[in-house]
Amino acid sequence: MPEKLTILHFQPLEKYPPIMNLIEYLSGQHFNNIFILSRANNKAGKFIYKNYNPIVKIKRYGGEVLDSSKFASWLGYIFFYTRAFLFLLWNRPAKVLYFETISSFPVVLYKMFINKKAKVYIHYHEYTSPPEYGSGMVLIRYFHKLERKIYHEAIWISHTNQFRLNLFKEDENILGENLKVMPNYPPQSWHKTIVKKNEAIKRVVYVGALSLTTMYTREFSEWVIKQRGKVTWDIYSDNFSAETAAYFRTLNTEWIKFKGSVNYNELPEVLRHYDIGVILYNGHIPNYIYNAPNKLFEYLVCGLDVWFPDVMVGCMEYVTLPNNRPCVAAFDFEKLDKINLCTNKNEDMISYKTYTSEEIYSKLYKELTT
């Protein structure tokens, strides 16, 4: 029987590839309607996510408020939560999926006081430790206190890997079959077998937010420059501080280039021009220690080798032997001089498993339609 589903995702969809991938997958399944309640993203530039399936209806309540004045920010939060709750009140959905604590408030009120029979599904893009909840926004701390009241009734609660889920179970002292793992894999359509030439110059790429404090950005930049042309590094980002931008201007090197932002849908074609995808998190909080970010799997499915800092425990299970193709390797980013540039020939390499989202999302779909 065709189903209806309402999804709450407070943060702008364009900033989170996994939610865009999930919407694309669900729009091809047997649903009458899928309503997505989110916020407009004034910083999305020319890329605004759209789904052209008529069953998908995206409603954006409020614009980008995080960088506004404090007063405007509070108005933005109030506007979103009021509109989202009124939507739930008016439409009385039987099934609601929300992402992150910041999206929970309207759903908790709806479940507790309006429709106690509503089935609630929860997914966390990130892991937030108890100390982080304690020192973070008062609003989020209050929302988390409320959402914990419905955990035992939720049909599905998921994190992106088993490490994070185990930490969550320990923090919340809960056990149950409703606890799941839902990794951030890209869609199968991204996969395309490409035989790469073993060029003398290694082309490295980084995609995503960039930081001097939470990433090994300086260390990797210095290493690239030391290679004196054996390695080039292209960066695709529109999310970095003025300090970070100033740092790269001081480097004055032809081997590191900023390429600006890239639309998510265009990313597969962009990535296939490179040899290595790099991940830079330095593990400043547990969320990034126990992290296997979506860019790991996006690099892999496009045929790139992947390098990541060895502090990222969440990536370790994906490390391969050097003759795998693509190759996933962990390095000490504080001792990058020990990196050995791979010189294996393609014919000597072993094909490596790619990770795609369809199998993962089919498990959630089964829960949503049971």
Side-chain angles (χ1 to χ4, degrees), residues 3 5-27 29 31 34-39 49 51 56 58 80 84 88 93-108 110-111 118-129 132-133 140 143-144 146-169 171-172 174 176-187 286-288 290-294 296-297 314 355-370:
E3 300 278 350
L5 176 65
T6 299
I7 299 174
L8 273 75
H9 193 282
F10 176 85
Q11 300 291 4
L13 304 176
E14 293 80 8
K15 293 185 175 182
Y16 291 83
I19 182 62
M20 294 187 286
N21 290 333
L22 178 62
I23 294 169
E24 292 296 315
Y25 173 80
L26 293 178
S27 68
Q29 308 306 315
F31 284 98
I34 302 174
F35 291 97
I36 297 99
L37 314 184
S38 186
R39 290 188 305 127
Y49 172 71
N51 184 292
V56 176
I58 300 175
F80 175 85
L88 297 175
K95 298 178 181 181
V96 184
L97 165 64
Y98 76 79
F99 284 75
E100 300 284 351
T101 301
I102 198 168
S103 306
S104 65
F105 185 55
V107 181
V108 173
Y110 175 69
K111 171 70 174 175
K119 295 181 178 180
V120 175
Y121 306 77
I122 306 167
H123 179 69
Y124 293 96
H125 290 302
E126 315 287 355
Y127 165 73
T128 305
S129 66
E132 290 173 273
Y133 274 122
I140 304 303
F143 287 174
H144 182 56
L146 289 179
E147 71 175 341
R148 296 175 72 184
K149 298 179 183 295
I150 66 168
Y151 278 165
H152 66 287
E153 296 183 72
I155 306 299
W156 170 290
I157 306 175
S158 56
H159 275 269
T160 60
N161 61 47
Q162 192 64 52
F163 291 106
R164 288 176 169 181
L165 188 64
N166 289 342
L167 290 170
F168 174 80
K169 288 194 290 186
D171 295 341
E172 305 301 334
I174 56 174
E177 295 182 359
N178 63 342
L179 300 178
K180 311 289 183 180
V181 173
M182 190 166 75
N184 292 334
Y185 298 161
N287 180 56
Y288 290 104
Y290 302 103
N291 185 21
N294 48 289
L296 165 64
F297 308 107
Y355 298 85
T356 54
S357 60
E358 283 79 0
E359 181 181 354
I360 298 299
Y361 291 155
S362 68
K363 297 175 183 178
L364 173 60
Y365 174 69
K366 182 178 179 180
E367 293 287 346
L368 287 168
T369 55
T370 299

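A quick note: this is a predicted structure, and the numbers were derived from the prediction, not measured. As a basis for the values below, the full set of heavy atoms in this structure was taken, side chains included, without hydrogen atoms, waters or symmetry mates.
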Contacts of Lys95 that satisfy side chain to side chain donor-acceptor pair (under 3.5 Å) - sequence neighbours left out: Glu3

Results of side chain to side chain donor-acceptor pair (under 3.5 Å) for Gln29 - residues two or more places apart only: none

Arg164 (side chain) donor-acceptor with His125 (main chain) under 3.5 angstrom: yes

Ser103 and His9 side chains, donor-acceptor separation under 3.5 Å: no

Centroid separation Tyr124 to Phe168 less than 6.0 Å: yes

Minimum heavy-atom distance Glu358-Tyr25, with the two atoms named: O-CE1, 4.0 Å

Option from Leu13, Val56, Ile36 for which side chain to side chain contact (heavy atoms under 4.5 Å, CB included) with Asn51 holds: Val56

Asp171 versus Tyr127, side-chain donor and acceptor atoms under 3.5 Å: yes

Residues 361-368, side-chain donor-acceptor partners within the protein, below 3.5 Å, at least two apart:
residue, atom, partner, partner atom, Å
Tyr361, OH, Pro18, O, 3.2
Ser362, OG, Glu359, O, 2.6
Tyr365, OH, His30, N, 3.4

Results of side chain to side chain donor-acceptor pair (under 3.5 Å) for His159 - residues two or more places apart only: none

With Pro93 via side chain to side chain contact (heavy atoms under 4.5 Å, CB included) - residues at least two apart: Thr6, Leu88, Asn91, Val96, Tyr110

Heavy-atom neighbours of Lys119 NZ exceed 12 at 6.0 Å: no

Name every donor-acceptor pair, under 3.5 Å, that has one atom in a side chain of residues 176-185 and the other anywhere in the protein, sequence neighbours excluded.
residue, atom, partner, partner atom, Å
Asn178, ND2, Tyr151, O, 3.3
Asn178, ND2, Ala154, O, 3.0
Lys180, NZ, Glu177, O, 2.9

